[in-house]
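What follows is a short report on a single structure.
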Amino acid sequence: MPPREHEGSSHEPADSVRDRHRRALPAVPFLSDTAACERPWPLVGRGQVLDLFTRALRHRRVQGILIHGPAGVGKSRLAEECLIRAERAGFRTAWAVATAAAAGVPLGAMGHLIPAGVDLSDPVAGFAAVAAGLRHSEEGRLVLLIDDLHLLDSTSVMLVRQLMDSGTVLLIGTVRSGEPFDLASAFGSGDSIHRMDISPFTEGQVAEVLRGALGRPVSVHSVHELYTASAGNALYLRELVLGALRNGSLTDDGEVWQLAAGWRVGTPRLKELIEARLARATPAGTEALELLALCEPVALADIQAVAGLDELITLERLGYVRVVKEDRRHTALLAHPLYGEALRAAIPELRRRTILLAQAGRVEARGARRQDDLLHIASWRLAATGTADRAQLERAATLARHSHDYPQVVRLLEALPPAEHTVGNRLLLADALFQSGRPDEAERVLDQAKTLATTEDDRLAVAVAYSVNALWGMAHASRALEAISSSRTDLDSPEAARTLTISEGCIHAACGRPVEGLKLLDALGDDIDTAADISAWLIAASVKTRALQMTGDIAGALSWAENAYAIHRRVNRRALSAPHPVLQLAPSVLALAEEGRMDDARTLGERLFGELVGSEAGLARMWVAFFLARTEWLAGRVVSARRWYAECTALARSHHGTRPMREALGGLAACIALLGDVPGAVAALSDLNEADACMAELEYVSAIASPGRALAQAWSRAATGQLATAREILIRAADSLRHTGNISSEGLLLLDVARLGGAADVLDRLEAIALQSDGRLARARADLTAALAREEADALMSVSEELEAMGCDLLAAEAAAAASAAYRKSGRARSATAVGVRAGAVATRCEGARTPLLAMAEAAVPLTSRETEIAWRAAAGATSKEIAEELVLSVRTVNNHLGRVYEKLGVTSRRELARVLPDHRGAQA
């Protein structure tokens, strides 16, 4: 949910509260010592507590609000915000912090609040004197915040209770969950005491907090990693971010913040916090925790063998360990991911070796029956001794590969000495290096595999791996084609020839020649069981879906993708280096968009990205992000498109994915231009120039224009009024695509020519594309262009409604704006005004996009801001009385405004007004 008003903002009352009570605050390093985090961290997901407190301030029956939650969840930050709100409301405020040290001294935490000269030798008289000294009837109650209320000494509890009962104090207290604190006996219960339990942040809330703290979004994968590491604990999250900023692991590329691979965890303070948290463990408990830190998850029987059931129960009660049940098996894990980091750092090397080997022995003694047992055993033995049995390492690496844990595959297989290298384990290692964004190292490993290959099957697998690494890892299409071509003389069996043919088809289709590629991809067939190389078949299957979409065969693309996905799931474990199954469905995102099903496309893309976010499948993630970005561009949601293009770019940079980065940078620049930021668009284009300079295969693709680059250049020119130049850029790019068969991108570019004033010049071409494509969007593009060329107002309105139904909001708004201008030109002023209002309503969903066509509607709508406001409320069903009360107007004034609205829009009732103002609720919001 979005941040509530004022939450996380810097304001004077907050500073005065902090300054006045600074001596009561624990020493906490503020984010201001890191330039990117100077602003206070925002409050997220705590609106219910703040609303309750705001209401409680004015109710005398409420004596206290107690905020419960785990350590580090953000109780103190929330309580401070409550105190700030009390001061804004005119209340006097005070702050106290209870500590374990102060608990041994009566009134140790409250001493600074006791008025000078008060004698506490007689508690009854003394407490009454304290109340009298703190009471100022003309200013109301004192709002007292006590942090860590559960550590308050008994005398202080008695004093605070009397101050609450006498109406002198309204208490805000924070209480740590799991502490032995009897709330009812200490402060009573019932309506006078409100308890609020707060939980750790969800992953979505972590994203919102980080965006507020850092000033711009954090990449989805980085959010996931920070959420997983912190488990949503606000204090731990803060320290993780500070540590990553200070050591350069968290960097800002101007669009999103991104964590580097292998980022180092935390700060010295975080280490101290966790060590203090775990300090209550006994020696036997520490032994169990060390086992979990090195080997989790651990079977319940194994950890009981180390520490005993009673000790495990104690660890669970202290919040150090949690036990989960999967089917009939119980396993133990550390209660927080960061506990393992702290524990592992403190384990001496010989003890580490002993623990790992002992656990490997326990699992082997049970028969290593679970599928992941082999992976764990090999990993433990490798970590303990630096080596393991070759067969064991290979089986473990295969299991890790099927889980797409590529770093683990690399760790396992790099441990093999040269004498134990085989074609199979070299191919597996090369694939993991390629997937991890290390294509140069992957090629060196493939060179090793080539020298070991003796059979045709091995030589074929190596040739395919060379081409995949060259094309997708190095962005070197010519090198990929050379790998295929040079293998044809050596591999002449029909099965090998078929595999090389489909690999060549992949290269052509991936490089923007879908017709040429599809001719070769016909060799795929639909029976993977006859394929000589299953991995090559699966890679080609994904590319075929994309090629079908590019050529306008939308139904074929969707059908093929579903079939390929089902096949991929069935044979996944038989493939040595198959891509993630998600890649079979990923191109369907764009196919659904071309079918005019934007909502379905968005839903599918977000689901697929969610499946990938916790994995190491970086290549798959960047392509899904790209398809989502293009979908949002087609939908006209420019900020959302920009966000996904930025996500794709950040992933591509970390994985050397120059190919998707090229199109993503172009799309990013186009989005920035459409938002009116020409310098920002120019900067993004500069990044694109650098990316192009890195593409070694430009001699192969130079004849084909990048649609992304063309969009960026054209909309950057359009933003400065150079519409003719923008049209020329788009037409040149579309001409270069014409011979490739990529009618999807050609149509995208030609439509923008029409949107920028050149509809008549491209109408015939868009009509031809509409005849070749079975996608609804292709037909709608042609219809919009025809209506624009002929300035047919009714036709423009018809296509506007169709585009809006598809979810293409920006095109729908532009069509309505053009219709408004056409109506006005023909003298139909009321129709022009009504349609202009509609255009404005639809444009509100386009996230600030600015285009020449939208400017037509802005010039054509004569409603005043007050008339517009009243019109929306009336269209939403509000009565004149309700509108008057909400806007503090008389009913007569509201009706007068409505009369003028009806006259201008040519309507006579609220029902007609609602039809003129479609989706009024969303527009108003």
Side-chain angles (χ1 to χ4, degrees), residues 3 8 28-42 44 72 74 77 200-274 336-338 340-342 345 407 436-438 609 612-616 618 621-622 625 642-657 661 664-665 668 683-684 687:
V28 177
F30 283 92
L31 290 175
S32 57
D33 57 4
T34 302
C37 287
E38 290 181 349
R39 61 178 63 84
W41 279 39
V44 172
R77 172 74 175 88
F201 292 132
T202 64
E203 189 165 348
Q205 289 170 337
V206 166
E208 190 177 338
V209 167
L210 292 176
R211 177 167 189 155
L214 298 170
R216 70 172 85 251
V218 176
S219 74
V220 176
H221 185 66
S222 298
V223 168
H224 180 78
E225 291 210 2
L226 287 165
Y227 168 73
T228 301
S230 67
N233 183 290
L235 178 58
Y236 294 168
L237 177 66
R238 175 185 174 118
E239 294 300 319
L240 287 171
V241 171
L242 277 173
L245 286 168
R246 289 170 182 164
N247 63 36
S249 299
L250 182 61
T251 56
D252 175 17
D253 68 1
E255 289 290 328
V256 295
W257 289 86
Q258 175 87 340
L259 279 171
W263 60 289
R264 301 199 308 275
V265 172
T267 62
R269 181 170 181 262
L270 178 58
K271 180 175 178 290
E272 293 169 2
L273 287 168
I274 294 173
H336 196 283
L338 291 179
E341 296 286 338
S436 300
R438 299 158 64 180
F609 199 88
L612 294 167
V613 73
S615 78
E616 297 294 333
R621 285 205 312 274
M622 72 179 74
R642 177 179 182 172
R643 177 70 184 82
W644 282 113
Y645 278 131
E647 185 79 24
C648 177
T649 300
L651 285 165
R653 285 194 175 106
S654 65
H655 283 75
H656 304 284
M661 185 165 69
L665 280 171
L668 178 63
D687 289 343

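Predicted, not measured: the structure shown is a model, and the values here were computed from it.
- Of all the heavy atoms in Leu235 and Arg269, the pair that sits closest is CD1-NH1, 3.5 Å.
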From CA spacing to verdict: side chain to side chain contact (heavy atoms under 4.5 Å, CB included), Glu255, Thr649: CA-CA 9 Å; Glu255 289 290 328; Thr649 300; over 6 Å; no

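- In this structure, the separation between OG on Ser230 and NE2 on His336 is 6.0 Å, given to the nearest 0.5 Å.
- Judged purely by atom type and a 3.5 angstrom limit, Arg216 uses its side chain to pair as donor or acceptor with the backbone of Gly254.
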Run the side chain to side chain contact (heavy atoms under 4.5 Å, CB included) test on Leu210 and Leu237 for me, step by step, so that the C-alpha distance in whole Å, both residues' side-chain angles and the decisive distance to 0.1 Å come before the verdict. CA-CA 9 Å; Leu210 292 176; Leu237 177 66; 4.3 Å; yes

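- With values rounded to the nearest 0.5 angstrom, Leu250 atom CG is found 10.5 Å from Leu240 atom CG.
- When every heavy atom of Leu665 is checked against every heavy atom of Arg653, the shortest pair comes out as CD2-NH2, 4.1 Å.
- Asp253 CG to Asp687 CG: the interatomic distance, rounded to the nearest 0.5 Å, is 8.5 Å.
- Minimum interatomic distance between Thr228 and Pro337 (heavy atoms only, all atoms of both residues): O-CG, 3.0 Å.
- By the side chain to side chain donor-acceptor pair (under 3.5 Å) test, Arg621 is found to be paired with no residue, residues two or more places apart in sequence or in another chain being considered.
- Here CG of Leu226 is found 13.0 Å from CZ of Phe201. Values are rounded to the nearest 0.5 Å.
- Partners of Glu225 according to the side chain to side chain donor-acceptor pair (under 3.5 Å) rule, which considers only residues two or more places apart in sequence or in another chain, are His221, Trp263.
- To the nearest 0.5 Å, atoms CZ (Arg211) and CD (Glu208) are separated by 9.5 Å.
- Of all heavy-atom pairs spanning Val206 and Val223, the tightest one is CG1-CG1, 4.2 Å.
- In terms of heavy-atom proximity, Met661 sits nearest to Ala652 at CB-CB, 3.4 Å.
- A donor-acceptor contact shorter than 3.5 Å is absent between the side chain of Glu341 and the backbone of Leu338.
- When side chains are defined from C-beta on, Leu214 does not count as touching Asp252, because their heavy atoms never get closer than 4.5 Å.
- Atom CD of residue Gln258 and atom CD of residue Glu647 lie 7.0 Å apart, to the nearest 0.5 angstrom.
- Scanning all heavy atoms of the two residues, the minimum distance from Met622 to Cys648 falls at O-SG, 3.3 Å.
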